[in-house]
Amino acid sequence: MSAQIIDGKAIAKSVRDDVAKKVSELKSKGINPCLAVILVGENPASVSYVTGKQKALAEAGMTDRSVHLPESTTEEELLSLIEKLNNDTSVNGILVQLPLPKHINEDRVIMAIKPEKDVDGFHPVNVGNLMIGRPGFLPCTPHGVVVLLEKMGIETSGKHCVIVGRSNIVGKPLAILMSSKKVNSTVTICHTGTKNMAEIVKQADIVVAAAGHVSTVTRDMVKPGAVVIDVGVNRIPDSTKKSGFRLVGDVEYEPISEVASFITPVPGGVGPMTIAMLMANTLEAAEKQNGLL
Ligand code: GUN
């Protein structure tokens with residue numbers, strides 16, 4: 001058996017096309033959805049993610065108010081920029097690319113973003129709303145995973161979903177979404193403190209790998225017919241590439257494709273969905289701030 005490959009790029013494109021249509025309708029009413037992406041420093045992965053977000057903004061017809069600050073930026077300077085953007089009614093969404101340089105307190109920065117403009121869904125108000133099922137911005141990567149499953153017609157109700165990783169950005173919020181009434185899966189979270197992880201992952205109908213390490217999930221851990229979603233993005237040296245590296249996920253893709261029913265590739269799986277859901281959140285922010293939702 002060979003797994004069906006989930007084409008995240010194509011599904012993301014359909015989400016982005018829908019967003020672009022709605023943006024054009026809003027613009028005809030004089031509303032210009034606008035996102036400010038703040039990047040501090042030159043972390044190569046972050047630079048590449050931000051470039052992807054800016055390209056998507058342009059393609060959706062949204063206004064890009066991105067700011068690239070030097071590594072030496074102080075926390076006070078960053079907080080004062082956020083304050084300015086919070087009060088600027090022409091800016092609908094604010095996203096600070098993580099990780100930040102070590103001298104800046106990430107927590108304080110996330111807390112400074114107005115929850116109504118927090119299109120990343122990282123502010124405690126949005127995290128809390130997600131937890132209790134109230135409306136708010138859903139974090140882009142976990143939301144993207146749920147939309148992938150939905151668009152592929154993969155049954156989630158009553159299924160056992162094992163998530164490997166407990167980050168605030170992916171593992172924890174995804175556990176909440178997957179166990180919501182709407183998605184209705186039974187969820188187990190595995191992490192670095194988990195004993196016999198292989199045995200637990202083996203029980204999964206849906207495995208989500210979000211650990212941030214190469215080969216976290218191996219073929220022997222995957223039940224035949226399971227759905228495997230790979231959130232990992234790891235750079236490994238590859239002298240055959242111009243860049244000197246290639247991207248791999250957290251799962252052993254080739255061997256697992258032989259046993260899984262569905263699998264997401266890296267790149268081209270979850271990654272494009274993160275950006276698509278960010279565009280959807282920015283549109284939603286513009287609609288809400290203009291009294292349309
Ligand atoms: N760094 C890695 N993923 C993300 C994300 O989804 N949002 C932000 N702001 N930073 C990230």
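Note that ligands are numbered from 1 as they come in the structure, with each ligand's atoms numbered from 1 the same way. Position 1 is the first residue of the sequence; numbering continues from there.
The salt bridge (charged side-chain N to carboxylate O under 4.0 Å, His left out) contacts involving residues 162-184 comprise Glu150-Lys182, where partners must be two or more places apart or lie in separate chains. For residues 224-235, the side-chain hydrogen bond (donor to acceptor under 3.5 Å, both in side chains) pairs, not counting sequence neighbours, are Asn234-Asp250.
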Considering only N or O atoms, set out every pair between ligand 1 and the protein closer than 3.5 Å, with distances to one decimal place.
from     : atom 1 : to     : atom 2 : distance (Å)
ligand 1 : 1 (N)  : Gln97  : NE2    : 3.3
ligand 1 : 1 (N)  : Leu98  : O      : 3.0
ligand 1 : 7 (N)  : Asp120 : OD1    : 3.1
ligand 1 : 7 (N)  : Asp120 : OD2    : 3.3
ligand 1 : 9 (N)  : Val96  : O      : 2.8
ligand 1 : 9 (N)  : Asp120 : OD2    : 2.6
ligand 1 : 10 (N) : Gln97  : NE2    : 3.4
ligand 1 : 10 (N) : Leu98  : N      : 3.0

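Using modelled atom types and a 3.5 Å distance limit, the side chains of Ser185 and Thr156 yield no donor-acceptor pair.
At distances below 3.5 Å, at least one donor-acceptor pair connects side-chain atoms of Asn92 with backbone N or O atoms of Cys34.
Remark: of the listed residues Val37, Leu138, Leu35, Leu35 is the sole one forming a side-chain contact (heavy atoms from CB on, under 4.5 Å) with Val119.
Partners of Ala260 under the side chain to side chain contact (heavy atoms under 4.5 Å, CB included) rule, at least two apart in sequence or in another chain, are Ala3, Val228, Ile256.
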